[in-house]
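Step one of this worksheet: look at the structure below.
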Amino acid sequence: MDEKKLIEQKIFNDTSQYNDIMDLPYQHPKRHLPMEQLDRAAQFAPFGALEGFNGLIQEKTKDYTRKKYSTQEQENLIIRQIKYLKKHPDLLVDVNYFNDESGYYEHVKGTCSGQDVEKGRVQFGDVSVVQVNIRGIKLVGK
């Protein structure tokens with residue numbers, strides 16, 4: 001289980017401090033009538049301004065339908081290959097990766113010139129590739 005899930009589980013699964021109120025029945029307010037559904041919906045009307053982004057979001061979603069996510073085994077193989085390439089910077093490789101901007105898989109040929117572990121990016125020649133978007137690395141030559 002990843003770290004985020006463990007933290008969420010630790011924070012949200014401990015309800016012991018609310019045991020005294022957990023089984024109390026809901027009490028309807030005496031001073032206010034229940035709100036009409038139309039009025040309740042009007043409270044969230046300011047978020048209607050974000051509707052203009054629906055087309056953009058759907059377009060980006062279409063791009064990501066083409067993306068194939070790697071298994072843990074494939075990711076481990078790519079990590080080992082990158083470590084090897086860092087030790088042998090003169091090796092020419094062909095990298096197949098998913099380009100977030102175009103929404104398609106692309107190839108880049110070059111040598112591994114660096115890795116930014118914090119940002120999760122690997123540099124091949126002039127192109128910086130997101131490491132988790134790498135689908136495969138093939139050795140081309142020296």
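FYI, side chains are in, hydrogens and waters are out, and symmetry mates aren't considered; it's all heavy atoms of this structure.
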>> Let's go through Lys87 and Leu85 carefully: what are the C-alpha distance in whole Å and the side-chain angles of both, what is the deciding distance for side-chain contact (heavy atoms from CB on, under 4.5 Å) to 0.1 Å, and is it a yes or a no?
In response: CA-CA 5 Å; Lys87 292 178 185 174; Leu85 291 172; over 6 Å; no
> What are the two closest non-hydrogen atoms of Leu92 and Lys109, and how far apart are they?
Replying inline: CD1-C, 4.4 Å
>> Ignoring hydrogens, what is the shortest heavy-atom contact between Ile78 and Ile134? Give both atom names and the distance.
In response: CD1-O, 3.0 Å
Please check if [X] and [Y] belong to a single hydrophobic cluster, counting links between Ile, Leu, Val, Met, Phe, Trp and Tyr side chain heavy atoms closer than 4.5 Å.
X: Ile79; Y: Ile137; result: no
X: Val122; Y: Leu139; result: yes
X: Tyr69; Y: Val130; result: no

>> Distance check, rounded to the nearest 0.5 Å: Gln81 atom CD versus Leu91 atom CG?
In response: 11.5 Å
> Can you tell me how far the CD atom of Glu106 sits from the CD atom of Glu101, to the nearest 0.5 Å?
Replying inline: 9.0 Å
Between the main-chain N or O of [Y] and the side-chain N or O of [X], is there a donor-acceptor pair closer than 3.5 Å?
X: Tyr97; Y: Val108; result: no
X: Gln123; Y: Gly125; result: yes
X: Arg121; Y: Ser128; result: yes

>> Could you walk me through whether Cys112 and Phe124 satisfy the side-chain contact (heavy atoms from CB on, under 4.5 Å) test, starting with their C-alpha distance in whole Å, then the side-chain angles of each, then the deciding distance to 0.1 Å, before giving a yes or no?
In response: CA-CA 5 Å; Cys112 181; Phe124 293 100; 4.0 Å; yes
>> Test side-chain contact (heavy atoms from CB on, under 4.5 Å) on Val127 and Val95; report intermediate values, then the result.
In response: CA-CA 11 Å; Val127 181; Val95 181; over 6 Å; no
> Please walk me through it: do Arg135 and Gln74 pass side-chain contact (heavy atoms from CB on, under 4.5 Å)?
Replying inline: CA-CA 8 Å; Arg135 185 86 170 136; Gln74 291 168 328; 4.0 Å; yes
>> Around atom CG of Asp126, are there more than 12 heavy atoms from other residues, nucleotides or ligands closer than 6.0 Å?
In response: no
> Any side-chain heavy atom of Gln131 sitting closer than 4.5 Å to one from Val129?
Replying inline: no
